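Proteins get letters first, then strands, A, B, ... in listed order; numbering begins at 1 in each. Just so you know, these numbers come straight off a predicted model, no measurement behind them.
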Number of protein chains: 2
Amino acid sequence: MSVKHGILALLRDRPGYGYQLRAEFEESTGSTWPVNIGQVYTTLGRLERDGLVAKTGEDAEGHVIYEITESGARELADWFARPITQAQRPRDELAMKLALAVTVPGVDVAVLVQTQREHAQSTLQELTRLKVRAAAPHLAWSLVLEAQIFQAEAEIRWLDHVEERVCRTNG
Amino acid sequence: MSVKHGILALLRDRPGYGYQLRAEFEESTGSTWPVNIGQVYTTLGRLERDGLVAKTGEDAEGHVIYEITESGARELADWFARPITQAQRPRDELAMKLALAVTVPGVDVAVLVQTQREHAQSTLQELTRLKVRAAAPHLAWSLVLEAQIFQAEAEIRWLDHVEERVCRTNG
DNA sequence: GCCGTATGTATACCGAGTATGCACCGCCGC
DNA sequence: GCGGCGGTGCATACTCGGTATACATACGGC
């Protein structure tokens, strides 16, 4: 979903080709999410199939150039207007794991929570360090980084909450 | 990933068959995440292929029964011991969208943030209502629900933060 | 008897993501 | 000069998560 709309957004700015789109895509998210080049081509293929982009031929260097279509621009505008809903998101792996852990017998939930919290805390420290160190932060990059920070904090808060609830339940 | 380990966890408790495993899986997460039955069978197939579960034949009613293998139990124990890392998680759709929005020209970031926050707030209210209304809450269910609440709160906090940063940048 | 629903298994299909193959080109060292 | 090496660029094969659907059986109500 995201790579698809990312490519559309980049193509709305100006036409481009696969390899270049990957670089722009990664740069626009502050190189936080590496994108496999193969995925760019398959996504471009699907977008073309669905009439959201079109091949315009080749440029002087022989690159296969794509441009956005009217239909693609509409889809992009819709996407920006639509909020991201809970339903579109994948399952929360951690919540799932803990739900399983408290359901099936023989799992030490306290240890699990403890391990996860230690991990989350070191992740949070690492992210904070990255943020502080950044000399001339790219806006998109720092927004993504801060999203990860807020999420890590929420995870730690939730783990504290879980620990309290589970301990109270057990004793 | 999660369905795979969920099935392993359920099978460690006792052997079972596809349809039953789906019901148990959904119940263990408080019916928060519906699982398509087809996925259960394909996952069981892959688990069998990899030697993590094994068919034991049929029970009295003719159900195809699977049981966990030693190797499967090891993998499950490993999974519970391993923390969930950032890398295993999928891209954050919302962070991605905003990173794109501030990068490509012609997107009204303020409106986007506003729309998303309204949506997140109504989601949060809905989740809170669910939590309060729950008469005899299942532990796993309420943990999952609370995870969603903590995440929605973090999202709203982050959106406030983004708004402040973007406004400051623009004016 | 027959229709609708729940139970149960299995397969086809699609999209996201990864690995890999293949070709071209420019640079650097010998 | 030339042979290796790394960057650029395109394309395909493959796996996995997830959905839809086909198909069969059993059971209960009209």
Peer 1: When you match B:Val35 and A:Tyr66 each to their closest nucleotide on DNA chain D, which lands nearer the 5' end?
Peer 2: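 It is A:Tyr66 whose nearest nucleotide is closer to the 5' end.
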Peer 1: Taking atom C1' of D:dG17 as reference, at what distance in whole Å does atom CH2 of B:Trp33 sit?
Peer 2: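 Atom-to-atom, B:Trp33 to D:dG17, this comes out as 15 Å.
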Peer 1: Round to a whole Å and report the spacing from CG of B:Leu44 to C1' of C:dG8.
Peer 2: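 Checked: the CG to C1' distance equals 13 Å.
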Peer 1: Have a look at B:Val64 and say if it touches a base, only the backbone sugar-phosphate, or nothing, with a 4.0 Å heavy-atom cut-off.
Peer 2: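 It contacts sugar-phosphate atoms only.
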Peer 1: Could you please name the option among C:dG8, D:dG9, D:dA20 that lies closest to any side-chain atom of B:Asn36?
Peer 2: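 Of the candidates, D:dA20 comes closest.
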Peer 1: Identify, between B:Gly18 and B:Arg91, the residue whose nearest nucleotide on DNA chain C lies closer to the 5' end.
Peer 2: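 Closest to the 5' end, via its nearest nucleotide, is B:Gly18.
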Peer 1: Are any of the side-chain nitrogens in B:Glu67 or B:Arg14 under 4.0 Å away from the carboxylate oxygens of its partner?
Peer 2: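 Looking at B:Glu67 and B:Arg14, the cut-off is not met.
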Peer 1: Which atoms form the tightest heavy-atom contact between B:Ala152 and B:Leu124, and what is the distance?
Peer 2: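 Heavy-atom minimum between the residues: CB-CD1, 4.1 Å.
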Peer 1: Expressed in angstrom and rounded to an integer, what is the separation of A:Lys4 atom NZ from C:dA16 atom P?
Peer 2: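 Taking atom P of C:dA16 as the reference, NZ of A:Lys4 is at 7 Å.
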Peer 1: Could you tell me the separation between the CD atom of B:Glu26 and the P atom of C:dT7, rounded to a whole number of Å?
Peer 2: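 Rounded to the whole Å, the gap is 12 Å.
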Peer 1: Checking contacts here: which listed nucleotide (C:dT9, C:dG15, D:dC10) is nearest the side-chain heavy atoms of A:His63?
Peer 2: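 Comparing C:dT9, C:dG15, D:dC10 against the side chain of A:His63, the answer is D:dC10.
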Peer 1: Please figure out whether B:Arg49 or B:Gly38 has its closest DNA chain D nucleotide nearer the 5' end.
Peer 2: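 This one resolves to B:Arg49.
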Peer 1: What is the distance from CD1 of A:Ile65 to C1' of D:dG9, rounded to the nearest Å?
Peer 2: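 Going from A:Ile65 (CD1) to D:dG9 (C1'), I get 11 Å.
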Peer 1: Would you kindly give the NZ-to-C1' distance between A:Lys55 and D:dG9, to the nearest whole Å?
Peer 2: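 My rounded result for the distance is 14 Å.
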Peer 1: Nearest to the A:Thr42 side chain among C:dG8, D:dC10, D:dT12, which nucleotide is it?
Peer 2: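 Nearest to the side-chain atoms of A:Thr42, counting from C-beta on, is D:dT12.
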Peer 1: Is the phosphate of C:dT9, meaning OP1 or OP2, less than 4.0 Å from a side-chain N or O of B:Arg22?
Peer 2: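 The answer is no; no side-chain N or O of B:Arg22 sits under 4.0 Å from OP1 or OP2.
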Peer 1: Does B:Leu8 share a hydrophobic cluster with B:Trp33, counting links as ILVMFWY side-chain heavy atoms below 4.5 Å and allowing steps through other members?
Peer 2: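 Same cluster.
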Peer 1: Between A:Tyr41 and D:dC10, is there a side-chain N or O to OP1/OP2 distance below 4.0 Å?
Peer 2: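 So the side chain of A:Tyr41 is within the cut-off, an N or O lying under 4.0 Å from OP1 or OP2 of D:dC10.
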Peer 1: Please tell me which of the listed nucleotides, C:dG17, D:dG17, C:dG15, lies nearest to the side chain of A:Arg46?
Peer 2: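 Looking only at side-chain atoms, A:Arg46 lies closest to C:dG15.
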Peer 1: The side chain of A:Gln39 is closest to which nucleotide in this list: D:dA11, C:dG17, D:dG9?
Peer 2: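 Nearest to the side chain of A:Gln39 among the choices is C:dG17.
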Peer 1: Salt bridge or not between A:Arg89 and B:Glu155? Use side-chain N to carboxylate O under 4.0 Å.
Peer 2: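 A salt bridge is present here (some side-chain N lies under 4.0 Å from a carboxylate O).
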Peer 1: For C:dT7 and B:Tyr19 - does any side-chain N or O of the residue sit under 4.0 Å from the phosphate oxygens OP1/OP2?
Peer 2: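 True: B:Tyr19 side-chain N/O within range (under 4.0 Å) of C:dT7 OP1/OP2.
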Peer 1: Could you verify whether a donor N or O on one side chain and an acceptor N or O on the other, from A:Arg165 and B:Ser142, lie under 3.5 Å apart?
Peer 2: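 Looking only at side-chain atoms, B:Ser142 and A:Arg165 do form a donor-acceptor pair, the distance falling under 3.5 Å.
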Peer 1: In whole angstroms, how far is the C1' atom of C:dT11 from the CD1 atom of B:Ile37?
Peer 2: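 In whole Å, C:dT11 C1' and B:Ile37 CD1 are 13 Å from each other.
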Peer 1: Counting heavy atoms from C-beta on, name the nucleotide in C:dA10, D:dG9, D:dC16 closest to the side chain of A:Tyr17.
Peer 2: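 The listed nucleotide nearest to A:Tyr17's side chain is D:dG9.
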Peer 1: To the nearest Å, give me how far apart CG (A:Asp50) and P (C:dA16) are.
Peer 2: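 Distance, rounded to whole Å: 10 Å.
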Peer 1: Does one side chain, of B:Glu146 or A:His161, offer a donor that lies under 3.5 Å from an acceptor on the other?
Peer 2: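 Yes - a donor-acceptor pair under 3.5 Å links their side chains.
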